[in-house]
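Take a look at the structure below.
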Amino acid sequence: MIVNLLVGGPREFLPTDIFNNMANEIWVGADLGAVRLCEAGIKPAFSVGDFDTATPKQTQLVKNMSLDLVTLPAQKDYTDTEVALLEIQKRYRPTEIRVYGATGGRIDHLLANLLSVLRLDFPLFVEKVKFYDRQNNISFYLPGEYELIQIPTMKYLSFVTLTSVKDLTLPDEKYQLFEHDAELPLAYISNEFVGKKAHFSFTEGIICVIQSKDK
């Protein structure tokens with residue numbers, strides 16, 4: 001099962017025609033993401049948020065249309081997205097959670113949403129949660145050997161190490177940057193696909209992989 005989560009980033013970063021093409025799928029809304037689902041005529045399976053930046057009319061719309069509602073306090077040291085991810089796992093135990101709307105706008109929101117994958121029930125969410133927008137496809141990986149299929153128009157392939165990584169190999173990408181350990185807690189490696197598939201492997205750590213395009 002795949003569950004879609006819409007959070008409150010800018011509309012212009014959402015994939016084109018997302019509400020028309022995916023209206024019949026399972027949707028969960030977090031804060032302004034719930035508002036946008038309801039405004040598009042999609043009833044969230046449930047909505048989560050403090051709705052502190054929503055208007056009273058928008059908040060009432062979410063209450064009327066959501067099949068269930070989890071209301072959060074505005075002052076908290078966790079995010080609406082984290083609660084939504086935990087609730088999705090508890091209710092559905094999906095194989096994949098696709099997060100939309102998390103990558104545009106404020107960089108602190110993006111970092112909070114990305115790091116929430118690590119803060120939660122590790123390593124349950126690491127390989128399950130994926131972030132999508134018009135420009136990027138962001139996934140997380142635990143140690144192993146992997147084959148990536150290039151997403152059409154997204155030829156750029158970047159690796160961000162979220163911990164120290166051992167034995168990282170990138171044998172078939174355009175730039176042979178290294179085949180050794182990335183000892184820094186955080187390292188960034190930019191690359192490109194040379195064909196429709198790419199392989200990489202590592203033996204220790206956590207890696208964030210970003211497929212992206214320029215325009």
Side-chain angles (χ1 to χ4, degrees), residues 1-5 7 9 13 15 78-79 81-82 84-86 88-90 92-104 107-214:
M1 176 185 292
I2 296 174
V3 175
N4 302 299
L5 170 61
V7 302
F13 287 87
Y78 53 88
T79 68
T81 302
E82 289 181 35
L85 290 174
L86 289 170
I88 289 171
Q89 174 61 22
K90 182 173 70 175
Y92 296 102
R93 301 192 182 280
T95 56
E96 184 175 323
I97 303 173
R98 296 179 177 175
V99 184
Y100 297 90
T103 54
I107 190 64
D108 58 326
H109 283 176
L110 169 60
L111 291 175
N113 286 324
L114 291 178
L115 293 177
S116 66
V117 176
L118 304 182
R119 283 180 43 151
L120 300 177
D121 187 6
F122 179 84
L124 178 64
F125 289 93
V126 171
E127 294 187 297
K128 182 172 293 191
V129 179
K130 302 180 187 300
F131 293 83
Y132 292 89
D133 64 25
R134 290 190 184 187
Q135 296 292 123
N136 307 282
N137 180 338
I138 305 174
S139 303
F140 303 86
Y141 293 86
L142 296 173
E145 297 183 2
Y146 298 97
E147 178 182 82
L148 295 175
I149 307 298
Q150 182 186 1
I151 298 171
T153 74
M154 292 189 179
K155 69 174 183 177
Y156 298 103
L157 183 62
S158 300
F159 297 80
V160 180
T161 64
L162 301 179
T163 65
S164 294
V165 170
K166 300 291 186 181
D167 304 316
L168 177 61
T169 63
L170 308 173
D172 54 0
E173 274 57 68
K174 183 173 182 178
Y175 304 112
Q176 298 300 303
L177 295 178
F178 65 81
E179 289 193 20
H180 54 70
D181 301 341
E183 294 291 354
L184 294 175
L186 183 64
Y188 175 79
I189 305 101
S190 180
N191 222 308
E192 293 183 26
F193 281 89
V194 293
K196 297 300 182 182
K197 297 180 180 180
H199 298 82
F200 71 98
S201 64
F202 62 108
T203 61
E204 183 179 317
I206 305 170
I207 288 180
C208 174
V209 176
I210 306 172
Q211 292 190 48
S212 58
K213 60 182 179 179
D214 275 341

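Throughout, residue positions are numbered sequentially from 1 according to the sequence presented.
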*Would you say the side chain of Asn191 lies within less than 4.5 Å of the side chain of Phe200, judging by non-hydrogen atoms?*
no
_Can you give me the closest heavy-atom contact between Phe125 and Ile97, atom names plus distance?_
CE2-CD1, 4.1 Å
*Can Tyr141 and Leu148 be said to form a side-chain contact (heavy atoms from CB on, under 4.5 Å), step by step?*
CA-CA 11 Å; Tyr141 293 86; Leu148 295 175; 3.1 Å; yes
*For Phe159 and Val165, what are the C-alpha separation, side-chain angles and deciding distance, and is it a side-chain contact (heavy atoms from CB on, under 4.5 Å)?*
CA-CA 11 Å; Phe159 297 80; Val165 170; over 6 Å; no
_How long is the straight-line distance from CG of Asp108 back to OG1 of Thr79, given to the nearest 0.5 Å?_
11.5 Å
*Who pairs with Asp214 by salt bridge (Lys or Arg N to Asp or Glu O under 4.0 Å), at least two apart in sequence or on another chain?*
none
*Approximate separation, where rounding is to 0.5 Å, of Phe202 CZ and Leu142 CG*: 6.5 Å
Show me, pair by pair, the donor-acceptor contacts under 3.5 angstrom made by side chains of residues 203-212, not counting sequence neighbours?
from	atom 1	to	atom 2	distance (Å)
Thr203	OG1	Lys166	O	3.3
Thr203	OG1	Asp167	OD2	2.6
Gln211	OE1	Ile151	N	3.0
Gln211	NE2	Ile149	O	3.4

*Which pairs with one or both residues in residues 123-139 pass salt bridge (charged side-chain N to carboxylate O under 4.0 Å, His left out), sequence neighbours excluded?*
none
_Asn136 to Met154 - nearest heavy-atom pair and separation_ = N-CE, 3.6 Å
*Atom CD in Glu192, atom CG in Leu157: separation rounded to 0.5 Å?*
9.5 Å
*Determine the minimum heavy-atom distance between Ser116 and Glu82, stating which atoms define it.*
CB-CG, 3.2 Å
*Nearest 0.5 Å please: distance from the CG atom of Leu5 over to the CG atom of Leu85.*
6.0 Å
*When you look at CD of Glu145, are more than 12 heavy atoms from neighbouring residues, nucleotides or ligands closer to it than 6.0 Å?*
no
*Would you say the side chain of Phe140 lies within less than 4.5 Å of the side chain of Leu114, judging by non-hydrogen atoms?*
yes
*Glu96 side, atom CD; Asn4 side, atom CG - distance, nearest 0.5 Å*: 9.0 Å
